[in-house]
Structure formats: structure tokens, C-alpha cells
Amino acid sequence: MRPIRLPEPPNPTIGVPEIFEGGAYSVIRRAVIIGNGYPGSENQSIGLVRALGLYDKHVLYRVTRPRGGINEWLHWLPVSLHKKLDYLVRWIQIYSRGRNYAPLPLENGGGNVGLASVLEADVKQIINMARQTYEKDGPLLVVASGRDTISIASSIRRLASENVFVVQIQHPRSQLNRFDLVITPHHDFYPLSPQGKEQVPRFLHRWITPREPPDKHVILTLGALHQIDSATLRSTAAAWHDEFAPLPKPLLVVNIGWPTSHCRYGADLAKQLTAYLLGILSSCGTVRISFSSRTPEKVSKIILKELSDNPKVYIWDGQEPNPHMGHLAWADAFVVTADSVSLISEACSTGKPVYVIGSERCKWKLSDFHKSLRERGMVRPFTGSEDIAESWSYPPLNDTAEAASQVREALAERGWRVRPK
């Protein structure tokens, strides 16, 4: 079998026309990331910034929401309205109890959300910084990901378009021209496909987004962006050598996510996964299992009960350090639950066998994502009859580097380029 050729870190000059190589024009040397506090979203922005060579030159801001209690049911509200409503509700609670509390903070969701070390995203602050430092430091790259960041990112672009280049990751649902570039997976446009239209009653078509095909400033990917390339895997392999090198081979890594609206499952999938893993244990040297922080307890309990005492099986307890990167570097094969586009995209970037469990439970655009991966030979369904010692490969998924290259091309059209200090 030929060796797997992993994605290389992007060349800083890829996608830059030769005419600009020696010319004098604006150079982007720094970036602002606008996150929403969710690792899956923020990792995409960080991955793109890293691929552009600006990882050491970025500042992270966050758009935060109130959390806990009724707030978990109010995430459909605009962030600003959600914060004001939470602030009002908590004042009413204080006065109704007749207690004398200090004034409540309005920023960072008004509660203890553990984000004190991260700046709250503020449009005025970011555009003032972009304008005041433009002559000295050049234009500012702004990368945002997730629904809650849309209003902030679009406002920055509207108010400081001459000083910033704004990239929005994940489909912003409407008015894509509010951003310089939009990066989103192909499956976000599933509603425009014949199959997608058949699943939606005609009178609801106007409420389903997107309603228009992608134009030239939309970059389409197969999966989610992330930070994985050959350089990352090599350095990670070295960092985790002492823990993983002695393990019996082959090493099977199992990543378990959480049910979503487009991929529902519970204890039934946990029992199926457990039975399948017991069926292939004889072909494995080591099995390492990781749960997401949002994996339901009813799922994790079943797997812990059936597998935690098996000498071949190690189940990560959630304590730091997180072995996820070590797993990507050292695994010989992966089993991933079908719900997580991010976990599957990272595993497929290694070129190693990826088995998916639960894809038949997925619907709507997530089913289209899995169909695309299967057609490219990147994933196979996990059936419990596999011989993990028998390897297979495919061209690794390289979405992040390809998106970074297209970002450079768009910047070059504007007369800008990326060059870290």
C-alpha cells in the first residue's frame, strides 16, 4: 500500500498572483477571531487563521450568551435582546426576594461563564482598533464563526470596510453580501437540491435558507475547517510519543458526540456501538474511547458499564490533558458517531480508515454530508465485523488549506495579501 500523503501546511504565497510578489500594496499581518464560546465553531476560525500563517498574531473575542436555567431555551433570540431580557429577569428576581444585591453585570452574559480572560466582542472597539492601526499595521483580517457572531462581524464590515476583510464561517442564512467571504459546507445548500426541495412543503420554501445558489464570494467545503495538517500531526505525535508508542497495535480510537436535531440517538445506539466494539476487539491491540462534554449520560453509562473493565479498552475520564490530538496522530483507525461534522472532518484529514456509526439516523443536510463522504471513499459504515488490522486509505480531506488558498486569492483581487510579521 502506498503511504498516505497528508495535507501540508499552506504555502504563504499560494494563490497570490506574481504581479503582487514585489509590488507595494496593503499587507495583512494580524487577525481578530470572533467566537461564540463553542469549541466546534471557534476551532474552525482558529484553523483558518493558522493556515494563513497568523496563528501567533490573532486576538480572540467572544460573543457570549447568558447560560443556565431558562436561558437554554432562549438561544433563538438575538444575543443583545437575550442579554437584556436576562438582565431584567434577574433584577425582578432580586426585588421579588427583597434582597440587597450589588448591581448585576451585563457583559459576558451577566453570569459566571468562565470567560473572564477573553475579550467581549465589541463592534466599536474592534473598528476603532482597525482604523487607528491601519497606517502602521495594515488591514485587519476578521474571522467569525457561528450564528451568534453574524451581527458583530457584519457590522464591523459595514462600518470599516476599507480597513478590514471579514470572513464568516458557516452559512449566515441571508444577505451573504454583508461579508467579504463566506466559507460554508456544500451540505448547507442541500435545501436547493431536488431531494431537499421534495422534503419541504412548497409553502415553506421561502422560509428555508439558503434560497439562492452560492456566488463567487462563497467558498464551499466538504466538511468543517480545523487545525489538522501534516505539521500538526508530526509535532503532536512527538509530544504524545511516550504515552502512545508503547500501546499494542492496531490502535482504534472511538469518538462519541451527542444527538442533534438532524441526528437523534440514545441508549439504543450506545448498546449497538458496545456490541460492535466487542465484536472487533480481537482484531485490535488497543481501543481508546472519548466522550464529548455533551454526550448524554445515558449513552456514556452503557459504554462504561460494558467496556471499562476490558484490559484492551481505555476510556478517557475528561480530565486534562485532552488526548484528542494525540489520538489523531497515533490512531490506526477511527470510529465516530455520525452527529459530529467536526470530529469526522478531523479524522478524515488523516487519510486513515474512518468508520461511522449512526449515519442511517441522520436526516436533512447531515445525511447529504455522509453521502458525499461515502462517495469519495473517506468513510465506511461501522458494522462490527471489521478487521481493524486491515487498513485502507484515501486522499486526506484538505478543506482548511484549500479555503485558505481561496482567501488569499480574494485578498489579492483587492490588492492585499497575508504576511505575518
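For this chain, numbers begin at 1 and follow the sequence in order. These numbers come from a predicted model, not from an experiment.
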- [ ] Sorted by first residue and then second, give each salt bridge (Lys or Arg N to Asp or Glu O under 4.0 Å) pair with at least one member in residues 301-321; sequence neighbours left out.
- [x] Glu297-Lys301

Test your reading of the model: is there a side-chain donor-acceptor pair from [X] to the backbone of [Y], 3.5 Å cut-off?
| X | Y | answer |
| --- | --- | --- |
| Arg376 | Leu373 | no |
| Ser235 | Thr232 | yes |
| Thr286 | Pro248 | yes |
| Ser405 | Ala401 | no |
| Arg417 | Glu409 | no |
| Ser292 | Gly257 | no |
| Ser283 | Ile388 | yes |
| Thr149 | Ile34 | no |

Answer yes if the side chains of [X] and [Y] hold a donor-acceptor pair under 3.5 Å, and no otherwise.
| X | Y | answer |
| --- | --- | --- |
| Gln44 | Ser41 | no |
| Asn36 | Glu42 | no |
| Glu346 | Asn255 | no |

Report yes if the side chains of [X] and [Y] come closer than 4.5 Å at any heavy-atom pair, otherwise no.
| X | Y | result |
| --- | --- | --- |
| Val407 | Ile219 | yes |
| Ile28 | Leu140 | no |
| Ser345 | Leu397 | yes |
| Ser342 | Asn43 | no |
| Tyr61 | Gln125 | yes |
| Arg414 | Phe165 | yes |
| Ile169 | Leu225 | yes |
| Val59 | Ile33 | no |

TODO: May I have the step-by-step check of salt bridge (Lys or Arg N to Asp or Glu O under 4.0 Å) for Lys352 and Asp332, ending in yes or no?
DONE: CA-CA 7 Å; Lys352 302 171 186 177; Asp332 295 297; over 6 Å; no

Write down the atom of [X], the atom of [Y], and the distance for their closest heavy-atom approach.
| X | Y | result |
| --- | --- | --- |
| Arg30 | Pro139 | NE-O, 3.6 Å |
| Ile280 | Gly384 | CG2-O, 3.3 Å |
| Val164 | Asp180 | O-OD2, 3.9 Å |
| Asn322 | Trp240 | O-CZ2, 3.4 Å |
| Arg29 | Gly138 | NH1-N, 4.5 Å |
| Pro172 | Val182 | CD-CG1, 3.7 Å |

TODO: May I ask you to say whether Asp148 pairs ionically with Arg62, meaning some side-chain N is under 4.0 Å from a carboxylate O?
DONE: no

Open item on the list: Using a strict threshold of under 4.0 Å (side-chain N to carboxylate O), is an ion pair present between Asp339 and Arg264?
Closed with: no

TODO: Kindly write out the residues that satisfy salt bridge (charged side-chain N to carboxylate O under 4.0 Å, His left out) with Glu243, not counting sequence neighbours, or none if the list is empty.
DONE: Arg288

TODO: Identify, with sequence neighbours excluded, every residue that meets salt bridge (charged side-chain N to carboxylate O under 4.0 Å, His left out) alongside Glu390.
DONE: none

In Å, rounded to the nearest 0.5 Å, how long is the span from [atom1] of [X] to [atom2] of [Y]?
| X | Y | atom1 | atom2 | value |
| --- | --- | --- | --- | --- |
| Leu54 | Leu48 | CG | CG | 9.0 Å |
| Gln272 | Leu277 | CD | CG | 10.5 Å |
| Trp330 | Thr350 | CH2 | OG1 | 14.5 Å |
| Leu222 | Asn398 | CG | CG | 11.5 Å |
| His370 | Ser359 | NE2 | OG | 5.5 Å |
| His217 | Phe179 | NE2 | CZ | 8.5 Å |

Open item on the list: Under 6.0 Å between ring centres: does that hold for His327 and Phe334?
Closed with: no

TODO: Could you tell me whether Trp364 and Tyr190 have their ring centroids closer than 6.0 angstrom?
DONE: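 Yes, ring centres under 6.0 Å apart.
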
Open item on the list: Would Lys124 and Leu159 count as a side-chain contact (heavy atoms from CB on, under 4.5 Å) here? Give the steps.
Closed with: CA-CA 9 Å; Lys124 290 183 179 179; Leu159 296 171; over 6 Å; no

TODO: Mark yes or no: Arg380 above the aromatic ring of Trp392, with NZ or CZ under 6.0 Å from the six-membered ring centre and no more than 45 degrees from the axis.
DONE: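 Here Arg380 passes the 6.0 Å and 45° test against Trp392.
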
- [ ] Evaluate the side chain to side chain donor-acceptor pair (under 3.5 Å) criterion for residues Thr184 and Gln168: first the C-alpha distance (whole Å), next the side-chain angles of each, then the deciding distance (0.1 Å), finally the verdict.
- [x] CA-CA 8 Å; Thr184 190; Gln168 183 71 34; over 6 Å; no

Task: Steps toward ring-ring contact (aromatic ring centres under 6.0 Å, His included) verdict (Tyr55, His58) - done: CA-CA 6 Å; Tyr55 181 78; His58 82 269; 5.4 Å; yes

TODO: May I have the step-by-step check of salt bridge (Lys or Arg N to Asp or Glu O under 4.0 Å) for Arg361 and Asp268, ending in yes or no?
DONE: CA-CA 11 Å; Arg361 301 164 185 258; Asp268 53 343; 2.8 Å; yes

- [ ] Might you work through the side-chain contact (heavy atoms from CB on, under 4.5 Å) test for Asp188 and Lys365, ending with a clear yes or no?
- [x] CA-CA 6 Å; Asp188 273 352; Lys365 63 182 182 179; 2.8 Å; yes

- [ ] Applying side-chain contact (heavy atoms from CB on, under 4.5 Å), run through Ile46 and Val143 and close with a yes or a no.
- [x] CA-CA 9 Å; Ile46 295 170; Val143 181; over 6 Å; no

Task: Residue from His262, His187, His186 passing ring-ring contact (aromatic ring centres under 6.0 Å, His included) with Phe369 - done: His187

Open item on the list: Quick check on Lys249: does its NZ atom have over 12 non-hydrogen neighbours (other residues, nucleotides or ligands) under 6.0 Å away?
Closed with: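 Enclosed.
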
Task: Steps toward side chain to side chain donor-acceptor pair (under 3.5 Å) verdict (Thr383, Ser385) - done: CA-CA 5 Å; Thr383 64; Ser385 60; 2.8 Å; yes

- [ ] Evaluate the side-chain contact (heavy atoms from CB on, under 4.5 Å) criterion for residues Leu269 and Val299: first the C-alpha distance (whole Å), next the side-chain angles of each, then the deciding distance (0.1 Å), finally the verdict.
- [x] CA-CA 8 Å; Leu269 185 71; Val299 171; over 6 Å; no

